[in-house]
*Asks:* 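Sharing a structure here in structure tokens format.
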Amino acid sequence: VRRVLGYLPENVPLYGDMRVREYLEFRARLKGVPARERRARIEGVLDRCALVPMRQRLVRNLSKGYRQRVGLADALVSDPKVLILDEPTVGLDPNQTVEVRGLIRDLGAERTVLLSTHILSEAEAVSSRIIIIHHGRILVDEAAAVAAAASSTAATDHAGAERNQQREPDKTEKVGH
């Protein structure tokens with residue numbers, strides 16, 4: 001599973017006392033990346049995530065944006081077919097957000113990327129398809145351009161239906177006495 005699935009949590013758990021390259025080496029070993037491929041994979045994700053200049057820095061000395069990139073490099077080091085990103089741009093400055101969104105779009109051309117976010121504009125910026133799930137139910141499953149319009153209608157319709165359910169008494173229960 002570790003080779004097929006890459007995961008970037010919202011708050012990336014990193015070892016601050018390790019250097020960026022050392023951390024990626026450690027994670028690649030844990031994920032079972034074969035020794036003969038490890039160096040090339042690490043160099044590839046360092047380059048892909050624009051971390052080459054930071055490779056010898058201690059993780060704790062990196063900005064939030066670079067820590068997110070290290071987390072993304074970690075998620076990519078096993079070359080997964082599916083990448084799950086949970087709120088990948090939260091806390092990033094506007095320039096970092098634009099850069100990370102571009103990287104996510106590029107990754108989406110090569111593999112399946114599942115993006116979990118509460119920010120519809122974030123999903124629209126990087127996705128070709130958007131699925132909106134509310135309380136375990138799919139409200140919208142559309143192409144990104146169509147989903148933006150549909151999401152506000154679906155959310156309004158769903159909220160109205162929930163309010164009506166709360167107002168209506170259960171038909172089996174007695175009203176009054």
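For this chain, numbers begin at 1 and follow the sequence in order.
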*Asks:* Contact between Leu103 and Arg48 at the side-chain level, heavy atoms closer than 4.5 Å - yes or no?
*Replies:*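 When only atoms from C-beta onward are counted, Arg48 and Leu103 do touch, with a gap below 4.5 Å.
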*Asks:* For a 4.5 angstrom cut-off between non-hydrogen side-chain atoms, does Ile84 reach Leu5?
*Replies:*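 Yes, their side chains come closer than 4.5 Å.
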*Asks:* Between Arg69 and Tyr66, is NZ or CZ placed under 6.0 angstrom from the six-membered ring centre and within 45° of the ring axis?
*Replies:*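 Output yes; distance and angle both within limits.
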*Asks:* Name the one of Arg39, Lys31, Arg38, Arg41 that satisfies salt bridge (Lys or Arg N to Asp or Glu O under 4.0 Å) with Glu25?
*Replies:* Arg38
*Asks:* Under 4.5 Å between any side-chain heavy atoms of Arg101 and Val98, yes or no?
*Replies:*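 In short, these two side chains do not touch, never coming nearer than 4.5 Å.
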*Asks:* Are any of the side-chain heavy atoms of Cys49 and Leu76 separated by less than 4.5 Å?
*Replies:*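 In short, these two side chains touch, coming nearer than 4.5 Å.
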*Asks:* Tell me whether Tyr15 shares a hydrophobic cluster with Leu8, the cluster being built from Ile, Leu, Val, Met, Phe, Trp, Tyr side chains joined at under 4.5 Å.
*Replies:* yes
*Asks:* Considering non-hydrogen atoms only, spot the tightest contact between Ile42 and Ala28 and give its length.
*Replies:*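 Nearest heavy atoms, Ile42 then Ala28: CD1-CB, 4.4 Å.
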*Asks:* How far does CD1 of Ile131 sit from CG of Asp141, to the nearest 0.5 angstrom?
*Replies:* 4.0 Å
*Asks:* Between Lys64 and Asp93, is there a side-chain N and carboxylate O pair less than 4.0 Å apart?
*Replies:* no
*Asks:* Could you see if Leu92 belongs to whatever hydrophobic cluster contains Ile119? Use Ile, Leu, Val, Met, Phe, Trp, Tyr and a side-chain cutoff under 4.5 Å.
*Replies:*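 No, separate clusters.
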*Asks:* Hey, does Glu22 have a side-chain heavy atom less than 4.5 Å from the side chain of Phe26?
*Replies:*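 Side chain of Phe26 against side chain of Glu22, heavy atoms only: no contact under 4.5 Å found.
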*Asks:* If we ignore angles and hydrogens, is there a donor and acceptor under 3.5 Å between the side chains of Glu87 and Thr117?
*Replies:* yes
*Asks:* Short question: side chain of Arg67, backbone of Pro13 - any donor-acceptor pair under 3.5 Å?
*Replies:*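 No: the side chain of Arg67 does not pair with the backbone of Pro13.
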*Asks:* Can you tell if the side chain of Leu72 reaches within under 4.5 Å of the side chain of Leu85, non-hydrogen atoms only?
*Replies:* yes
*Asks:* With a 4.5 Å limit on heavy-atom distance, are the side chains of Thr112 and Leu83 in contact?
*Replies:*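 Not touching, per the 4.5 Å side-chain cut-off.
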*Asks:* With a cut-off of 3.5 Å and sequence neighbours excluded, list every side-chain donor-acceptor pair involving residues 50-59.
*Replies:*
from, atom 1, to, atom 2, distance (Å)
Arg55, NH2, Glu43, OE1, 2.4
Arg55, NH2, Glu43, OE2, 2.6

*Asks:* Could you verify whether a donor N or O on one side chain and an acceptor N or O on the other, from Gln96 and Thr89, lie under 3.5 Å apart?
*Replies:*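 Thr89 and Gln96 do not have a side-chain donor-acceptor pair below 3.5 Å.
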